[in-house]
Novice: 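Below are the structure tokens for one structure; questions will follow.
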Amino acid sequence: MIIKPLSVESGFFCTFVYMHKTEINNEFSLLDQLNRAQRAAVEFCDGPSLVIAGAGSGKTRVLTHKIAYLLELGLPPYYILALTFTNKAAREMKSRIAELVGEKKARSLWMGTFHSIFARILRKEADSIGFQSNFTIFDSSDSHNLVKLIIKDMNLDDKQYRPGHVHGQISRAKNSLITPTMYAANTEIIQYDNRARQPQIFEIYKRYQNRLRAANSMDFDDLLMYTNILFRDHKEILDKYRNQFQYILVDEYQDTNFAQHLIVKQLADEHHRVCVVGDDAQSIYSFRGANIDNILNFKSTFPETKVFKLEQNYRSTQNIVNAANSLIKKNTEQIAKDVFSENEVGEKMEVISTFSDFEEGLVVANKIARMRLENHSAYSDFAILYRTNAQSRIFEDSLRKKNIPYRIYGGKSFYQRKEIKDVIAYFRLIVNPSDEEAFRRIINYPARGIGDVTVGKVSSAATLHQKSLWEIISTPIDYNLNVNSGTQKRLKAFYDLICEFIDKNESLNAFELAQEVLKKSGIAHEAYQDLTPEGMSRSQNIQELLNAINEFVSTRQEQGEEEIGLVDFLSEVSLLTDQDTDKEEEAEKVTLMTVHSAKGLEFNNVFVVGMEEDLFPSSMTKSEIRGLEEERRLFYVAITRARKTCTITYARSRFKNGQTTSAVESRFLREIDPAYIYMESNSSFSTATTDKAVDFWGTMREQRLQRESRTDKNIYSERSDRSSFKAGPSTGRLVSVHNSSSSMPLSKEAKELEEGDIIEHERFGQGEVTSIEMSGNDRRAIVEFESAGRKQLLLKFAKFKIIGKK
DNA sequence: AACCGATGACTTTTT
DNA sequence: GTCATCGGTT
């Protein structure tokens with residue numbers, strides 16, 4: 001066993017290695033739980049290693065066992081740095097390690113997200129980079145607001161400089177460790193901005209960064225950038241952490257950006273005891289700066305890297321694994337691997353084509369209801385995965401109609417809600433009065449007669465004198481603040497209010513102070529008075545926040561920790577996101593989420609919906625090969641979430657941005673080896689010519705469908721259970737009926753239909769044809785339905801079966 | 001300054 | 001369909 005030259009802690013690590021040699025044979029039942037590849041990856045501890053972990057191959061198992069193994073060997077937990085991508089992943093891993101080695105050890109591990117770990121370190125070392133340790137962390141909406149403000153200040157057109165886009169550009173710069181100065185000096189970037197008609201971005205970036213610093217605040221990206229600056233400029237601090245973190249593990253390495261990669265590299269640069277785990281095939285966060293090259297080229301960072309490949313998939317059936325493999329093979333940039341499954345062969349993936357997004361919703365809801373009964377599954381065995389959050393609505397509707405309970409992820413997280421952000425803004429200002437965003441948020445909330453005009457005056461005075469807004473209102477006279485005496489009074493009242501809180505912050509814990517703030521600020525009063533449903537829910541949320549603070553304080557008190565102030569609560573909370581706050585209601589519900597948020601999860605039955613060109617792959621990513629390959633990986637991630645079955649749907653027309661648009665099935669569908677796909681025989685992929693006709697009429701029909709659905713909601717739900725269209729797997733499914741009526745000129749059914757026929761319509765149930773007439777070139781039937789009443793059906797598009805004659 | 005209603009623009013993913 | 005902004009009114 002070769003040991004790298006070690007720095008200060010080498011004495012310890014030799015002990016560690018010695019124990020390794022002597023005790024390995026009998027002591028470690030840990031290793032018995034692993035297959036050969038996993039075990040090899042766990043056992044290799046004295047050099048850099050790269051673990052390529054295919055989907056479902058037991059990646060977390062390797063990580064947790066590896067950490068447990070290091071601990072069993074005697075490495076103290078606080079010498080181990082384990083970085084994850086989400087707080088949730090860190091928590092789960094921690095609890096799994098606790099099961100292996102005990103709560104106490106697990107708790108002292110340095111385990112968390114890049115952002116939370118390095119925020120912790122930055123607070124400790126804040127002095128060295130000119131910040132105060134109580135700095136605020138701006139979330140993306142804070143950043144967005146600030147960018148918008150700056151654009152306004154600079155008198156730029158916010159149509160030309162869209163705040164979101166500008167912030168994205170700044171964010172990318174930061175992730176690549178490009179400071180404002182470097183940005184302005186980089187001719188390539190400047191030329192790019194010029195071409196994009198946004199030549200002022202460099203200036204916005206500069207001001208943005210200055211404003212953040214003036215507010216003693218950092219955005220998400222700063223946490224990584226300043227960590228790098230800290231390490232670059234303070235060798236002694238870098239050394240300190242290098243020595244502390246004797247072993248470094250990184251999960252989801254394919255999703256790291258350059259700033260993160262460099263942090264890892266610097267920390268591991270001397271001892272090289274670093275293990276990164278990931279799957280290049282699941283790299284899906286490049287839009288956020290993640291760089292797949294970090295994992296592809298890890299070997300060039302540490303040339304002696306040992307590569308382990310976990311290739312056995314324990315999650316999915318062979319069909320699913322093989323289908324996913326055949327898809328991902330189309331990517332050019334990847335690490336060769338051979339993922340296989342020894343589970344049952346399983347069912348083929350089913351591809352279902354529907355006429356519209358609306359119908360897609362129905363089909364999926366129906367299929368879930370049917371599968372649940374047939375296979376005795378729980379609702380929680382099902383997940384509907386989509387590319388964009390906007391797609392969720394239609395499934396919510398269709399599931400609701402069928403009384404299928406669902407849980408939807410995404411959307412506004414708890415801490416993003418207005419009322420919560422407002423309350424938190426008070427906390428932020430108390431802890432860090434320089435926090436400009438917080439100041440602006442609450443200066444007139446609840447309404448206290450300080451409007452935009454006044455804030456504008458304060459703001460320009462602040463810019464003029466290079467002071468924070470807070471300092472201006474603390475002594476307005478010093479800065480010639482030109483406001484009338486009434487306004488002056490009101491400003492003073494606000495200032496005094498916050499000062500009172502700041503005083504109390506010395507003695508009160510977070511919960512006590514929070515109650516005080518709610519009471520004295522008038523928030524509680526206002527919330528109490530608002531009896532509208534929205535108002536009630538706002539009050540509830542605020543109450544919820546109060547509960548969370550209470551819990552925070554009491555659990556910390558129980559554990560004998562002193563850090564129970566508002567600062568401590570804020571620093572814990574500012575990096576939490578929606579996924580971390582959900583109460584683990586392991587309810588019996590269907591899961592709805594984006595493919596992105598499904599990463600790392602698994603379900604027995606997965607529906608990947610909306611597989612259409614310009615949606616999946618998204619139109620925004622298609623221009624570049626890299627973008628397209630990422631979309632393919634995203635699809636790969638979606639498929640590999642499934643244990644037993646995977647159903648893919650696409651709609652040939654879809655309501656998008658306020659209008660119905662036509663759609664073609666995703667190119668990715670053709671890329672899957674047909675051997676693993678099951679598709680209705682008459683539902684072959686469409687060709688360009690039929691599409692045009694279908695799309696035009698599809699639009700018309702779609703509009704009608706939506707009108708009808710509005711008027712006949714209850715009727716549909718009554719009928720749907722008995723509808724013969726959704727009978728057993730072998731008989732005609734909804735889809736097949738569709739295809740015959742839509743992709744072909746005219747179905748047999750439609751041609752032969754005559755007066756007096758009894759039909760079964762997908763939506764309206766049974767009815768009798770009372771007459772048939774011409775409508776332009778098309779035939780139209782007037783049908784008297786049993787429960788839905790009289791309807792006109794354009795036979796070209798109607799979805800029905802003839803079931804008899806009168 | 002607050003409220004209201006109308007209008008217009010935009011929607012990929014999120015630590 | 002949503003959000004955000006604008007302009008008008010009170």
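Below, read A as the first sequence line, B as the second, and so on, with proteins coming before strands; counting in each chain starts at 1.
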Novice: Base, sugar-phosphate alone, or nothing: which one does Lys148(A) contact when heavy atoms must sit under 4.0 Å apart?
Specialist: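 Since only primed, P, OP1 and OP2 atoms lie under 4.0 Å of Lys148(A), the category is sugar-phosphate.
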Novice: Can you give me the closest heavy-atom contact between Met218(A) and Leu223(A), atom names plus distance?
Specialist: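 Here Met218(A) and Leu223(A) meet closest at SD-CD2, 4.0 Å.
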Novice: Counting only N and O atoms by type, is there a donor-acceptor contact under 3.5 Å from the side chain of Ser666(A) to the main-chain atoms of Glu612(A)?
Specialist: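 Side chain of Ser666(A) to backbone of Glu612(A), a donor-acceptor pair under 3.5 Å: no, none is there.
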Novice: Tell me if the centroids of the rings in His144(A) and Phe138(A) come within less than 6.0 Å of each other.
Specialist: no
Novice: Where the side chain of Phe287(A) is defined as all heavy atoms beyond and including C-beta, which of dT14(B), dT15(B), dA1(B) is the nearest nucleotide?
Specialist: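 Side chain of Phe287(A) sits closest to dT14(B).
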Novice: Within this structure, what is the CD-to-P distance between Glu624(A) and dT13(B), rounded to whole angstrom?
Specialist: 19 Å
Novice: Which nucleotide, dA2(B), dT13(B), dA4(C), lies nearest any side-chain atom of Arg387(A)?
Specialist: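 So the side chain of Arg387(A) is nearest to dT13(B).
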Novice: For Ser140(A) and dT15(B), is the shortest distance between a side-chain N/O and OP1 or OP2 below 4.0 Å?
Specialist: no
Novice: So what does Val595(A) touch, heavy atoms closer than 4.0 Å: a base, only the sugar-phosphate, or nothing?
Specialist: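 It contacts nothing in the nucleic acid.
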Novice: Report the nucleotide, chosen from dA1(B), dT13(B), dT15(B), that has the shortest atom-to-atom distance to any side-chain atom of Thr86(A).
Specialist: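 So the nucleotide nearest the side chain must be dT15(B).
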Novice: Need to verify one output field. Residue with the more 5' nearest nucleotide on DNA chain B, Arg448(A) or Lys656(A)?
Specialist: Arg448(A)
Novice: For residues Tyr285(A) and His596(A), establish whether the separation of their ring centroids is below 6.0 Å.
Specialist: yes
Novice: Which heavy atom of Asp251(A) sits nearest a heavy atom of Lys59(A), and at what distance?
Specialist: OD1-NZ, 3.3 Å
Novice: Answer with base, sugar-phosphate or nothing: what part of the nucleic acid does Thr621(A) contact at a heavy-atom distance below 4.0 Å?
Specialist: base
Novice: State whether the distance check finds a donor on one side and an acceptor on the other, under 3.5 Å, for side chain Arg288(A) versus base dT13(B).
Specialist: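 Checked by distance alone, the answer is no.
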Novice: Would you indicate, yes or no, if dA1(B) has its OP1 or OP2 atom less than 4.0 angstrom from a side-chain nitrogen or oxygen of Thr454(A)?
Specialist: yes
Novice: How close or far is atom C1' of dT14(B) from atom CE of Met593(A), stated in whole angstroms?
Specialist: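 After rounding, the gap between these two atoms is 14 Å.
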Novice: Round to the nearest Å and state the distance from Asn444(A) atom CG to dC3(B) atom C1'.
Specialist: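 The distance from CG of Asn444(A) to C1' of dC3(B) comes to 14 Å, rounded to the nearest Å.
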Novice: Rounding to a whole Å, what distance do you find between Gln391(A):CD and dT2(C):C1'?
Specialist: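 About 16 Å, once rounded to whole Å.
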Novice: Would you indicate which nucleotide in dT12(B), dA1(B), dT14(B) comes nearest to any side-chain atom of Thr594(A)?
Specialist: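 The listed nucleotide nearest to Thr594(A)'s side chain is dT14(B).
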Novice: What is the distance, rounded to the nearest whole Å, between atom CG of Asp614(A) and atom P of dC10(B)?
Specialist: 18 Å
Novice: Gln416(A) has an atom CD; how far is it from atom C1' of dC3(C), in whole Å?
Specialist: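 My rounded result for the distance is 15 Å.
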Novice: Tell me which nucleotide among dT13(B), dT11(B), dA2(B) gets nearest to the side chain of Arg162(A).
Specialist: dT11(B)
Novice: Any side-chain N or O of Arg393(A) below 4.0 angstrom from OP1/OP2 of dT2(C)?
Specialist: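 Answer is yes, contact under 4.0 Å.
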Novice: Nearest-Å distance, CD (Gln282(A)) to P (dT13(B))?
Specialist: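 Result: 20 Å.
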Novice: Please give, in whole Å, the distance from dG1(C) P to Glu396(A) CD?
Specialist: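 So the CD-P distance, Glu396(A) to dG1(C), works out to 13 Å.
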Novice: Please compare His596(A) and Arg490(A) by the position of their nearest nucleotide in DNA chain B and report the one closer to 5'.
Specialist: Arg490(A)
Novice: Ignoring backbone atoms, establish whether Asn389(A) has a side-chain N or O less than 4.0 Å from OP1 or OP2 of dT2(C).
Specialist: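 Answer no for this pair, as no side-chain N or O of Asn389(A) is under 4.0 Å from OP1 or OP2.
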Novice: Is the Tyr650(A)-Phe616(A) ring centre distance short of 6.0 angstrom?
Specialist: no
Novice: Which whole number of Å gives the distance between the P atom of dA4(C) and that of dT13(B)?
Specialist: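 Roughly 15 Å separates the two P atoms.
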